[in-house]
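For this chain, numbers begin at 1 and follow the sequence in order.
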Amino acid sequence: MKTVIQWAARILICTFVWVPPLQAQDYESQPFGRLNSNVAFTLSAPLGPTAKYATAAGGFTYGVGYNFSKRHSVLGEVMWNRLSATGQALAPIRAAAPQNNAIGGQGNIVAVTANYRFQLEGKVFGTYLVAGGGVYYRDARLSQQVVVGESVTCTPAWLWWGFTCKSGAVTSNQTLTTSNSTAPGGNVGVGFTVRIPDSRYKFYFESRYHYATNRGVATHVIPITVGVRF
């Protein structure tokens, strides 16, 4: 987490170092519309405890919102990202079911959020800060059904897949293939825009940290987003 904070601080410093030259550009001549929208592809990098059980994977995001002014906007967004299981996530499952050593797994994150965006734009280049919160749905699916026997030691990997534990052991006789959890969460990030000449369309590049209190293992991810805003 300390490393994440250090990188976030560096990004914010760079952002505000670049702000003066952006403001110096003549952006008043650009057309202004009240509605905004965006669509993009994402590549999410799990962090912290999430990184132990999921690897980087792709997804997409779509948003629509309202511009109060050229600097202040609100937007609602839907983000989906796939999660691929790590070997560490599958190791205890495979050990408990040696006859099914080829068990695999994957999952998904779907976030529906409301966000505020503060932006500074020049004629071509721009930068912005964004933050918000909402509801985060996460599911996890095993490729085969797993039945838990007696006296299996509980580890966070079992909780990731939705199994329950009691007194340090996985609750016996559970049969599970799919589990899900919905929880509140928040996000904060920074982005950069490049306007397409003689157009209201802009390419944007964004990095945003998402956190949600999903059951078992909390969700920590940073989606790297590349898309179009209009």
Side-chain angles (χ1 to χ4, degrees), residues 1 4-5 7-8 11 34-68 72-86 89 105-119 128-142 156-165 176-191 204-230:
M1 181 61 68
V4 174
I5 294 173
W7 274 105
I11 291 173
R34 290 293 179 183
L35 299 181
N36 66 72
S37 188
N38 61 281
V39 61
F41 292 103
T42 62
L43 178 64
S44 285
L47 299 173
T50 307
K52 297 179 181 179
Y53 311 112
T55 63
F60 67 84
T61 185
Y62 174 76
V64 62
Y66 183 81
N67 301 317
F68 293 104
H72 304 282
S73 304
V74 292
L75 61 153
E77 287 184 305
V78 177
M79 180 191 74
W80 167 79
N81 260 101
R82 183 172 295 280
L83 297 172
S84 298
T86 63
Q106 61 182 19
N108 301 278
I109 293 178
V110 179
V112 180
T113 59
N115 308 283
Y116 164 75
R117 185 173 68 215
F118 173 75
Q119 53 211 2
Y128 62 89
L129 300 176
V130 61
V135 177
Y136 289 74
Y137 168 89
R138 190 185 74 201
D139 66 26
R141 301 190 306 277
L142 293 165
W158 288 100
L159 301 177
W160 172 264
W161 296 110
F163 290 89
T164 61
C165 296
L176 198 64
T177 305
T178 303
S179 68
N180 61 75
S181 169
T182 302
N187 66 84
V188 61
V190 61
Y204 76 98
F205 311 87
E206 178 184 289
S207 176
R208 204 187 305 188
Y209 170 68
H210 290 258
Y211 169 79
T213 57
N214 294 97
R215 184 177 64 247
V217 177
T219 299
H220 301 257
V221 293
I222 293 187
I224 306 301
T225 304
V226 179
V228 177
R229 178 167 289 131
F230 48 93

Met79 and Asn187: side-chain contact (heavy atoms from CB on, under 4.5 Å), yes or no, with the steps?
CA-CA 12 Å; Met79 180 191 74; Asn187 66 84; over 6 Å; no
Just do the side-chain contact (heavy atoms from CB on, under 4.5 Å) check on Trp160 and Thr86 with the steps written out, would you?
CA-CA 11 Å; Trp160 172 264; Thr86 63; over 6 Å; no
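A 4.5 Å side-chain heavy-atom check between Thr164 and Arg215 finds every atom pair outside the cut-off. At least one side-chain heavy atom of Arg117 sits under 4.5 Å from a side-chain heavy atom of Asn36. In this structure, the side chains of Tyr136 and Thr113 come closer than 4.5 Å at one or more pairs of heavy atoms. Within the 4.5 Å cutoff, no side-chain heavy atoms of Gln119 are placed close to those of Val130. Residues Val39 and Phe60 fail the side-chain proximity criterion, which asks for heavy atoms closer than 4.5 Å.
Taking the side-chain hydrogen bond (donor to acceptor under 3.5 Å, both in side chains) definition, one finds that Thr219 meets it with Arg138, Asn214, sequence neighbours left out. Every residue two or more places apart in sequence or in another chain that forms a side chain to side chain contact (heavy atoms under 4.5 Å, CB included) with Val74 is listed here: Tyr66, Phe68.
For the atom pair CG (Leu159) and OH (Tyr53), the distance works out to 8.0 Å, reported to the nearest 0.5 Å. The CG atom of Leu129 lies 10.5 Å from the CD atom of Glu206; values are rounded to the nearest 0.5 Å.
Between the Asn180 side chain and the Tyr137 main chain, no donor and acceptor come within less than 3.5 Å of each other.
Heavy atoms of other residues, nucleotides or ligands lying less than 6.0 angstrom from OH of Tyr62 number more than 12.
Taking the six-membered ring for Trp and thresholds of 30 and 60 degrees, Tyr209 and His220 have ring planes inclined between 30 and 60 degrees apart.
At a threshold of 4.0 Å, the pair Arg208-Glu77 counts as salt-bridged, since one of the basic side-chain nitrogens sits closer than that to a carboxylate oxygen.
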